[in-house]
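One structure below.
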Amino acid sequence: MAESRTPVEVVARAARATDLADLDAYVADCFACPRLVDWREEVARTKRAAFRDQEYWGRPVPGFGDPAARIAILGLAPAAHGGNRTGRIFTGDRSGDVLFAALHRAGLANQPTSVAADDGLALRETRIFAAVRCAPPDNKPTPGERDTCAPWLHREVELIRPTLRVVVALGAFAWAAWWPALRAGYGVPPPSPRPSFGHGAHWSGTAGPELLGCYHVSQQNTFTGRLTPEMLDDVFARAKLLAGVD
Ligand code: SF4
């Protein structure tokens with residue numbers, strides 16, 4: 001599998017991916033953002049003390065879940081010691097603990113925990129991916145890194161387009177990243193003015209999936225009570241209703 005080392009190569013390889021397995025392999029071999037490549041590899045080298053005996057993934061983290069998903073959950077980027085360690089999105093960190101517990105309560109995951117890539121977790125009717133596929137310092141990718149990574153997201157949306165009905169955007173960054181994906185995946189121009197992000201915000205257009213806003217499952221939100229389990233349950237109940245998932 002060829003490595004992607006420039007934004008032009010990301011565009012070319014994303015377009016060449018014929019299915020999700022193909023795309024995931026291309027994503028995992030991406031080196032197009034020098035700052036993020038340095039960071040993901042440094043974190044994988046230095047590790048957190050609690051994980052010092054583990055081999056970190058230290059690469060971009062592909063999407064995960066049902067290839068025929070009707071619901072997509074769009075996050076910001078992998079966590080340095082979560083997805084960047086385990087190789088699976090929202091796996092091995094506190095954000096994932098909250099998210100997968102909620103997906104399990106909603107009947108969209110077969111287990112409430114997500115601790116390792118081989119832990120048996122399976123999603124039903126749901127796929128999870130991030131707007132940026134490498135862990136960024138301070139969880140803050142630059143606009144340039146967001147744009148360089150966008151073709152991976154856009155191609156993933158195109159590949160699940162036949163079944164996709166609802167996108168749940170976790171946070172304002174993901175909400176903003178959705179509009180270019182809508183254009184790329186469905187040929188739909190973003191609405192003008194663009195709807196503001198908010199928890200419970202809902203947008204639907206003439207084509208493409210409906211969009212729901214949800215506060216990010218970050219510790220900052222869940223520890224402070226800004227986002228509660230009940231609020232997450234409401235979002236996923238609504239997503240299921242809109243997507244026609246039992
Ligand atoms: S953030 Fe995206 S484009 Fe940049 S190196 Fe990672 S996978 Fe590649």
Side-chain angles (χ1 to χ4, degrees), residues 1-48 55-65 67 72-93 95-96 117 127-160 167 169-185 216-218:
M1 185 64 67
E3 296 174 351
S4 303
R5 294 198 169 267
T6 66
V8 171
E9 287 175 347
V10 171
V11 170
R13 302 239 157 74
R16 202 183 297 164
T18 54
D19 57 29
L20 288 172
D22 215 17
L23 181 73
D24 292 350
Y26 279 132
V27 167
D29 252 350
C30 185
F31 296 80
C33 302
R35 186 182 78 113
L36 299 190
V37 171
D38 286 350
W39 176 249
R40 76 192 191 199
E41 292 179 355
E42 185 190 329
V43 169
R45 254 192 326 272
T46 54
K47 306 183 183 181
R48 178 175 282 169
E55 181 90 8
Y56 273 53
W57 170 247
R59 303 286 286 266
V61 180
F64 168 67
I73 299 170
L74 176 58
L76 193 168
H81 300 280
N84 188 58
R85 173 172 60 90
T86 61
R88 194 173 69 193
I89 193 76
F90 281 113
T91 295
D93 59 37
S95 299
R127 190 163 178 87
I128 304 178
F129 39 56
V132 172
R133 306 292 165 114
C134 290
D138 300 322
N139 292 319
K140 285 186 183 145
T142 66
E145 289 159 352
R146 175 200 62 202
D147 294 346
T148 298
C149 205
W152 298 132
L153 168 65
H154 298 176
R155 186 65 183 139
E156 191 153 4
V157 170
E158 282 181 326
L159 289 170
I160 62 170
V167 174
L170 296 178
F173 188 97
W175 178 269
W178 174 248
W179 307 117
L182 180 68
R183 183 193 289 278
H216 195 279
V217 286
S218 64

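The analysis underlying the following values was restricted to heavy atoms, covering all of them including side chains, and did not include hydrogens, waters or symmetry mates. Not measured: the values here are computed from a predicted model. Atoms within a ligand are numbered from 1 in the order they appear, just like the ligands themselves.
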Check ligand 1 against L36 and write out every atom of the ligand that is under 4.0 Å from a heavy-atom position of the residue. 1 (S)
May I ask you to identify the nearest protein heavy atom to atom 4 (Fe) of ligand 1, giving residue, atom name and distance to one decimal place in Å? C33 SG, 2.3 Å
Quick one: which ligand 1 atoms are inside 4.0 Å of a heavy atom on V132? 1 (S)
Side chain to side chain, D93 and H81, heavy atoms closer than 4.5 Å: no
Could you check whether R127 pairs with D24 (Lys NZ or Arg NE/NH1/NH2 to Asp/Glu carboxylate O, under 4.0 Å)? yes
For R45, is there an ion pair with E42 - N to carboxylate O distance below 4.0 angstrom? no
Give the ring-plane orientation class for Y26 versus W152, where under 30° counts as parallel, over 60° as perpendicular and anything between as tilted. parallel
Report, in ascending order of atom number, the atoms of ligand 1 lying under 4.0 Å from any heavy atom of R133. 7 (S)
Ligand-side contact atoms (ligand 1) for residue partner P60, heavy atom cut-off under 4.0 Å: 7 (S)
Charged tip of R48 within 45° of Y56 ring normal and under 6.0 Å: no
Do I73 and L170 make a side-chain contact, defined as non-hydrogen atoms from C-beta onward lying under 4.5 Å apart? yes
Using 2.8 Å as the threshold, say whether any N, O or S atom from C30 sits that close to atom 8 (Fe) of ligand 1. yes
Atoms of ligand 1 less than 4.0 Å from C134 heavy atoms? 1 (S), 5 (S), 6 (Fe), 7 (S)
With heavy atoms and a 4.0 Å threshold, my read on which part of C149 contacts ligand 1 is both
